[in-house]
S.K.: 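This is the structure I have questions about; it appears just below.
Small disclaimer: the values here were computed from a predicted structure and weren't measured. Below, read A as the first sequence line, B as the second, and so on, with proteins coming before strands; counting in each chain starts at 1.
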Protein chains: 2
Amino acid sequence: MKSLLALFLSSCALSAGAADVPAWRHAHEAALLRDFTQLLSFPNIAANKADMRRNADFISEMLRARGITPRLLETPDAPPVVYAEWIVPHAKRTILLYAHYDGQPVNPAAWTDPPFAPVLRRGPKGPVVAPDSADAVLPDNRLYARGAGDDKGGVMAILSALQAIRELKLTPSDSLKIVFEGEEEAGSPHLEAILRSHRDLLKSDLWVVCDGPIHPSGRNLIVYGVRGDMNVDLTVFGPIRGLHSGHYGNWTPNPGLELARLLASMKDETGHVVVKGWYDDILPMGAREKAAMDATLAFDDDTRRALGFAKTEMTLGLAESATVGSLNINGMASGDVGAMAANVIPDHAAAVLDIRLVAGETPARQFAKLQEHLRSQGFLVLDRAPTAAERESSPKIAMITLRPGAYGAARTPMDHPLAAALSRAARAASPNGLVELPTDGGSLPLSVVVDALGAPAIILPIANGDDNQHAADENLRLGNLWAGIDLLAATLLHDQ
Amino acid sequence: MKSLLALFLSSCALSAGAADVPAWRHAHEAALLRDFTQLLSFPNIAANKADMRRNADFISEMLRARGITPRLLETPDAPPVVYAEWIVPHAKRTILLYAHYDGQPVNPAAWTDPPFAPVLRRGPKGPVVAPDSADAVLPDNRLYARGAGDDKGGVMAILSALQAIRELKLTPSDSLKIVFEGEEEAGSPHLEAILRSHRDLLKSDLWVVCDGPIHPSGRNLIVYGVRGDMNVDLTVFGPIRGLHSGHYGNWTPNPGLELARLLASMKDETGHVVVKGWYDDILPMGAREKAAMDATLAFDDDTRRALGFAKTEMTLGLAESATVGSLNINGMASGDVGAMAANVIPDHAAAVLDIRLVAGETPARQFAKLQEHLRSQGFLVLDRAPTAAERESSPKIAMITLRPGAYGAARTPMDHPLAAALSRAARAASPNGLVELPTDGGSLPLSVVVDALGAPAIILPIANGDDNQHAADENLRLGNLWAGIDLLAATLLHDQ
């Protein structure tokens, strides 16, 4: 049995094995950069199946070169999932490492360099660096290509961490399974089916998702959950056709004003949604979660100032505001503005709402609360356009529909034993510090994983915050890849 | 001196001279139709100066053919104003008859028949009628061409009424002046200058504007005023760039919601503008005006039902609601709706307001009230985008600007002696009845006429309500032209 001192040390220092990783990594940076550059040279838009197979084949080759046998999980109409495993004898637990090798569609005209001819530059949009020069591997260099940050960088970090562990003759603390998906940016349309049809193969105790950027402050980041997401279309009806605002102004109700009133009725001045029961289903946060969020408050003022506004909507900090379901007006429109504006009472006004869900909430229940709110504001609530009879009898008419693809939140408690062990190791391997968030404000369909496999998930990103993910000139800062390899290897060696 | 009975009869029966007009008109319908068809064959988009001169020349020719000497009032860059006069010896008063010969721009692809090759059809979009057939002049036939209803029909009715009076050897009750403008649909950019530079020539006691459609009930219509008009652009600012609604939702204020709240704050549930002092400047209506408006209440329910809504905005009737300044949301926009909607907190939200002014109100004062309202709602009110320092110090920021071209209302009291005389004659010449409105809900820059010339104005339209003015397949129902000739001649013979 370990002494208390040893236990303490294990919670704040790198394990002996993990401590060797940076030196190994440093010695192999040039070779890793060559592999990464080649990986980025394969176009990776999920819809182009032949391209995706070339990616999967190259990733398989990289796995084999690292002594790991790959397997392609095939599904009709989907790019293959590249699967691999490293079963550790007598390991009690299994971690599943996830990244995706597809990228967002590209508009090459918007790019400085071609998106699939990776170019190395000194700093953001700096001068080109020769890939075979001694300076090529410097940490502030950036490799520009689609997928560099999101998420072939994640694939490369996982492959490299496994290679480091293997070549240093170390053993992961847990058995490892690896899933590299090929259509995340297309909305993962086949993921649930793939997971369900390989339920036993993919059985694990925890998913570690290597995707997204680290904390804006430059610190490493572990995120224990994501919000769910649903979109709602809302239309308020006015007269049956657009009317002259002079001839009919004051007499014919304006649907833009009705929509404005309706939207204004949904929140109070402190940003709280006043739709009845809106927050009733939220599962409370624990003490560890609260402490982790409080630790991020110091970053908020800088973020707010950089975004150019004086006062936050709710009085909560940024991290804590993500633990509350949100209701955002993505867009609203009635008639035209600017040069196209006409003197008209429009025939309708429309809005699209984005509702983020936290653990405990479901799309169906939030949608029902919203429908009920519309009724409480005097609206006839429909899921289609009104009939003539409904127009004649109902002063206020709204159509509201829930878009397909809504899903709930997923959250792993921060005191989950395996997650906590990884967190301790990650903190020790984070020279700039580690930020932990109980949940991200954004969404991923992790609830699909949880529902299909029963495994909780955490997110351990490596990319720089300014990696231009989803945009032109996507890039990965090499220092983030190097630190990410160290970080991942350390977490996989958490008990050593 | 006339007996009381004679006075009574004069207020409800056609004068002897006017009674002869319908028979004369009926005998000349075929010839009038030929002239009108030829007039409509000249393209009349104000921007095409050579086209407009051909129109002016043809109208001049028609005046000469009717024994009236035309004169072209020339202004650089403007189509000529066709001017004429019929000075009646010893007449104490002068009426100025106004119509415009230009039309709205056309998209020929949207038209059933070419817009400048007039086609006669039996009823709305009915079968083509040969222009030389015996049935050509039937009242339910419609002549299709740009300008048929708006407003070459007005030009033709004036020319024909004058011809009828002259050929029946009658004398108008007042001296007459005629102004046919050539750029009304382009916003009359030179009208004020033309009026001011011909102030003495155009001196008159009353303008009679022959433009627009008759009452939707099919009754003739006299309108004694128009509302003024102003447009306001309003922008509410959010974060300095669009933000991910997941990562920042609940924390970053949404400008769409701020705009919704601001717009909702401007009116109460009964449609009254609650901007402080909004209605303070309105000049009250007299008893005749109130009685005239009450007489129109019976039409309101049918109109409301046809427009497909259950409850009017204010509880006033349609006619009376035009006697109150209005505030309409022409358009509002933030982010996108429909298929283009993204999960974003937009960086701004915009609205365009249409504010109609009634007699007593000025654009400058209404704009100042609106600015003050924004301040009362906690906004920093700017006429430009905010600086970084303003963003940092002001939780709510709005930019509001008044568009150029705003103008006030114009209204002639219904007991104006000459207007009242015309009204009596018009009522007698209206077999279906006459509706009188103290003011139209819509706007014309008549205040420009009033300000430039000091003459009040009334509007005496002749077109069918379904003439598709400003749209494709514009048309005039021939029966409206025939009745319009009778109506105009009768009003010009009001004391006979």
S.K.: Heavy-atom distance under 4.5 Å to chain A: side chain of His244(B), backbone, both or neither?
M.R.: side chain
S.K.: Using every non-hydrogen atom in the two residues, find where Val337(B) and Ala350(A) come nearest and quote the distance to one decimal.
M.R.: CG1-O, 3.6 Å
S.K.: Examine whether an atom of Thr252(B) lies under 4.5 Å from a heavy atom of chain A, and if so say whether it belongs to the side chain, the backbone or both; otherwise answer neither.
M.R.: both
S.K.: Tell me, for Arg356(B) versus chain A, whether the close heavy atoms (under 4.5 Å) come from the side chain, the backbone, both or neither.
M.R.: side chain
S.K.: Ignoring hydrogens and geometry, is there a side-chain-to-backbone donor-acceptor pair from Arg227(A) to Gly246(B) under 3.5 Å?
M.R.: yes
S.K.: Name the region of Ser334(B), side chain, backbone, both or neither, that has any atom closer than 4.5 Å to a heavy atom of chain A.
M.R.: both
S.K.: Do you know which two heavy atoms are closest between Pro395(B) and Ala310(A), and how far apart they sit?
M.R.: N-CB, 3.8 Å
S.K.: Below 4.5 Å, heavy atoms only, C-beta onward: do Lys311(A) and Pro253(B) meet side chain to side chain?
M.R.: no
S.K.: If we define contacts as heavy-atom pairs under 4.5 Å, which of Leu263(A), Asp233(A), Ile345(A), Val273(A) has the most with chain B?
M.R.: Ile345(A)
S.K.: May I ask you to check whether Asn250(B) and Ser326(A) show a side-chain donor-acceptor distance below 3.5 Å?
M.R.: no
S.K.: Taking all non-hydrogen atoms of both residues, which atom of Ala306(A) and which atom of Ile240(B) are closest, and how far apart?
M.R.: O-CG2, 3.8 Å
S.K.: May I ask you to name which of Pro239(B), Ser245(B), Gly335(B) has the most heavy-atom pairs under 4.5 Å with chain A?
M.R.: Ser245(B)
S.K.: Verify, without hydrogens or angle tests, whether Asn330(A) (side chain) and Ala342(B) (backbone) share a donor-acceptor contact under 3.5 angstrom.
M.R.: yes
S.K.: State which residue, out of Trp251(B), Phe237(B), Tyr248(B), fulfils the ring-ring contact (aromatic ring centres under 6.0 Å, His included) condition with Phe309(A).
M.R.: Trp251(B)
S.K.: Of all of Leu318(A), Leu327(A), Asp336(A), which one pairs up most often with chain B through heavy atoms under 4.5 Å apart?
M.R.: Leu318(A)
S.K.: What verdict does the side chain to side chain contact (heavy atoms under 4.5 Å, CB included) test give for Arg304(A) and Glu392(B), after you've listed the backbone C-alpha separation in whole Å, the side-chain angles of each residue and the deciding distance to 0.1 Å?
M.R.: CA-CA 9 Å; Arg304(A) 181 186 54 70; Glu392(B) 174 62 22; 3.4 Å; yes
S.K.: Side chain, backbone, both or neither: which part of Leu307(B) has a heavy atom under 4.5 Å from chain A?
M.R.: both
S.K.: Main chain of Asn328(A), side chain of Asn254(B): is a donor-acceptor contact present, judged purely on distance under 3.5 Å?
M.R.: no
S.K.: Mind checking the CG-CE spacing from Leu257(B) to Met266(A)? Nearest 0.5 Å is all I need.
M.R.: 10.0 Å
S.K.: For chain A, which candidate among Ser265(B), Gly317(B), Pro255(B) shows the most heavy-atom pairs at distances under 4.5 Å?
M.R.: Gly317(B)
S.K.: State whether Lys396(B) and Glu269(A) are salt-bridged, where the test is any N-O pair (Lys NZ or Arg NE/NH1/NH2 against Asp/Glu carboxylate O) under 4.0 Å.
M.R.: yes
S.K.: When only pairs under 4.5 Å are counted, which of Thr235(A), Val352(A), Val344(A) shares the most heavy-atom pairs with chain B?
M.R.: Val344(A)
S.K.: Taking the side chain as everything from C-beta on, heavy atoms only, tell me whether Asn231(B) gets closer than 4.5 Å to Asn343(A).
M.R.: yes
S.K.: Looking at Asp440(A), Leu243(A), Thr312(A), which makes the most heavy-atom pairs under 4.5 Å with chain B?
M.R.: Thr312(A)
S.K.: Chain A heavy atoms under 4.5 Å from Arg403(B): which part of the residue, side chain, backbone, both or neither?
M.R.: side chain
S.K.: If you count heavy-atom pairs within less than 4.5 Å of chain B, which of Leu262(A), Thr303(A), Leu234(A) leads?
M.R.: Thr303(A)
S.K.: Under 4.5 Å, counting heavy-atom pairs only, tell me which of Gly238(A), Ser443(A), Gly249(A), Ala322(A) racks up the most with chain B.
M.R.: Gly249(A)
S.K.: Does Arg261(A) reach the main-chain N or O of Asp268(B) with its side chain, forming a donor-acceptor pair under 3.5 Å?
M.R.: yes
